Amino acid sequence: MVLHKGDLRVLSESPYNAEPPDIAELIQYPITPIPLIYARNHALTVHVENEREPNIDTYKLKIDGEHVEENEFNLKDTILSFPRKEVVAALNCAGNRRAKMAEKTQRDPEGLMWSEATISNVRWAGLSLCDLLIFSGVSTEIDKWENKHVCFASHAVACEQDSYFGASIPLAKAMDEKGDVILAYEMNGESLTPEHGFPLRVVVPGFSGARWVKTVDSLTISHDESPCFYQRRDYKVLPDNVTSQDMADSQDWWSRVPAMQAVALNSVIAKVEDITLPGLSRDNTVLVKATGYAVSSERITQVDITADEGKTWVPTRITYQEGRWSWALWEGDVNVDRDVSDVDFERGGSKQYGAVQVMRVVQCR
Ligand SMILES: Nc1nc2c(c(=O)[nH]1)N[C@H]1C(S)=C(S)[C@@H](COP(=O)(O)O)O[C@H]1N2
Ligand SMILES: [Mo]
């Protein structure tokens, strides 16, 4: 089957926001093919057509701030001269499953109604951010990193809520060699597409997609988080009693609540099939196979499923996982009572299969 970008379900044309229409199809690919990578933009995409795509020959990455030598790197001569590092990591939008959250909580959260496919598992390649920071003079002593942040920014196009897109991560995450933060110029062995951040984007394994700044053009080491709207006044879970934007603003809830950084632990049933062998069906049960994905800020070690609302749990098999930051694909078989299952096998991609539900997911460091 040939995949096209046009195969995505478009939530908005401009800015371009789109996700794969079918998670059962999405999880057939351990590494997400480029046309199936969701697109999340707060700004008009930098398109070749409108000639705003950064020119690779003149593209520069600026670095400044505390304890670094202010510098401007050009892509070809400097950035590409650092060792190439590959990382398989799941890119997960903080808005993934918002539609499900709205349904379950009966609340009306703000934002686009993403379904469950705002996730992509990609083989990224680029230079290690920590190599670049050390080269720029950042100390390798742990105590020098405390309470500092690396602020990323992209000024290529103005955003809906701010004049640029920016985000930050703790300097300690950036400097941790095992944190695997890279500035990527490749995805799945190809150069980045304009939608996904050509020519250089931040990849922060284990952190929410909002921090993976695309078309990044500046890095600042600072005592404060990025001042950008998207770090300070968005991507925060406000308490239940804060019921309106006005209230959040006037009572300054935005500075009282921490920014969402780590990817939330999550597991999704993508498909449920009846695999009862003819003649082996016990009277009152059917055997079903459930498949899905799980994601977290750390490595997933186990996913269990239940068909009796949590009274008993069945461990699943993890069928794909690569390194510490990829998603885990899993499959498991479970017997379901015929009378509670309300069988609807034809619904394939739908996760609402009768009684097979809750996932118990375990992770470890
Ligand atoms: N420059 C820029 N970078 C950005 C964004 C953006 O709007 N502009 N959106 C962020 C969000 S919210 C997500 S989830 C990811 C989406 O990356 P993708 O479009 O490659 O899937 O990019 C992040 N980086
Ligand atoms: Mo996002």
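Everything quoted here is computed from the prediction, not taken from an experiment. In listed order, ligands and their atoms are each counted from 1.
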Visitor: To check your reading of the model: name the closest protein heavy atom to atom 24 (N) of ligand 1, its residue, and the distance in Å.
Guide: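 Here the nearest protein heavy atom works out to W212 O, 3.0 Å.
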Visitor: With heavy atoms under 4.0 Å as the rule, classify the contact between W114 and ligand 1 as side chain, backbone, both or neither.
Guide: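 Neither part.
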Visitor: For ligand 1, which atoms have a heavy atom of L91 less than 4.0 angstrom away?
Guide: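 Counting atoms of ligand 1 from 1, those under 4.0 Å from L91 are 17 (O), 18 (P), 20 (O), 21 (O).
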Visitor: What protein heavy atom sits nearest atom 9 (N) of ligand 1, and how far off is it?
Guide: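 The closest one turns out to be R40 O, 3.4 Å.
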Visitor: Is R211 touching ligand 1 with its side chain, its backbone, both, or neither, if touching means heavy atoms under 4.0 Å apart?
Guide: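 Contact part for R211 vs ligand 1: neither.
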Visitor: Search all heavy atoms of L192 against all heavy atoms of A184 and return the closest pair with its distance.
Guide: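 Closest heavy-atom pair between L192 and A184: CD1-O, 3.3 Å.
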Visitor: Provide the number and element of each atom of ligand 1 under 4.0 Å from a heavy atom of S154.
Guide: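 The list of qualifying atoms is 1 (N).
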Visitor: So, D246 and S244: side-chain donor and acceptor under 3.5 Å apart, yes or no?
Guide: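 Side chains of D246 and S244: no pair found under 3.5 Å.
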Visitor: Do side-chain atoms of R97 reach the backbone of S267 as a donor and acceptor pair under 3.5 angstrom?
Guide: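 Yes, R97 side chain to S267 backbone: donor-acceptor pair under 3.5 Å.
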Visitor: Are the side chains of L91 and W124 in touch, meaning some heavy atoms are under 4.5 Å apart?
Guide: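 L91 reaches W124 side chain to side chain.
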Visitor: When you compare the side chains of S154 and D217, does any donor N or O come within less than 3.5 Å of an acceptor on the partner?
Guide: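 Side chains of S154 and D217: no pair found under 3.5 Å.
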Visitor: Kindly assign one of parallel, tilted or perpendicular to the pair H42 and Y230, based on the angle between their ring planes and the thresholds 30° and 60°.
Guide: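 Rings of H42 and Y230: tilted, as their planes differ by 30° to 60°.
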Visitor: So which of D333, I275, V272 actually passes side-chain contact (heavy atoms from CB on, under 4.5 Å) with V288?
Guide: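 Going through D333, I275, V272 one by one, the side-chain contact (heavy atoms from CB on, under 4.5 Å) with V288 is satisfied by V272 alone.
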Visitor: Which of the numbered atoms in ligand 1 are below 4.0 angstrom from a heavy atom of A39?
Guide: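 So the answer, numbered in order with elements, is 19 (O).
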Visitor: Side chain or backbone of T215 under 4.0 Å from ligand 1, or both, or neither, by non-hydrogen atoms?
Guide: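 Within the 4.0 Å criterion, T215 makes no contact with ligand 1.
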Visitor: Are Q261 and P170 side-chain neighbours, meaning at least one heavy-atom pair lies under 4.5 Å?
Guide: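 They are in contact (side-chain heavy atoms under 4.5 Å apart), so the answer is yes.
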Visitor: For N41, counting its heavy atoms only, list the atoms of ligand 1 lying under 4.0 Å from any of them.
Guide: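 Per the distance check, 7 (O).
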Visitor: Starting from atom 8 (N) of ligand 1, locate the nearest protein heavy atom and write down its residue, its atom name and how far away it is, to 0.1 Å.
Guide: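 It is F165 CG, 3.5 Å.
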Visitor: Nearest to atom 12 (S) of ligand 1, what protein heavy atom do you find, and at what distance?
Guide: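 Looking at atom 12 (S) of ligand 1, the protein heavy atom closest to it is Y235 OH, 2.9 Å.
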Visitor: With heavy atoms only and a cut-off of under 4.0 Å, state how C93 meets ligand 1: side chain, backbone, both or neither.
Guide: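 For C93, the contact with ligand 1 is made by both the backbone and the side chain.
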Visitor: Do K173's NZ or CZ and the ring of W325 fall within the cation-pi criteria of under 6.0 Å and 45°?
Guide: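 Because its charged atom sits under 6.0 Å from the ring centre and within 45° of the axis, K173 does stack over W325.
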Visitor: I need the nearest protein heavy-atom contact for atom 21 (O) of ligand 1: residue, atom name and distance, please.
Guide: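 I find the closest protein heavy atom is Y38 O, 2.7 Å.
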Visitor: What is the closest protein heavy atom to atom 23 (C) of ligand 1, and at what distance does it sit?
Guide: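 Nearest protein contact, heavy atoms only, for atom 23 (C) of ligand 1 is G209 O, 3.2 Å.
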Visitor: Evaluate the side-chain proximity of N71 to S136: yes if any heavy-atom separation is below 4.5 Å, no if none is.
Guide: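 The answer is no, as the side chains (C-beta and beyond) never meet within the 4.5 Å cut-off.
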Visitor: Could you pull out, from H42, K214, E195, R201, the option with a heavy atom nearest to atom 19 (O) of ligand 1?
Guide: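 Nearest option to atom 19 (O) of ligand 1, by heavy atoms: K214.
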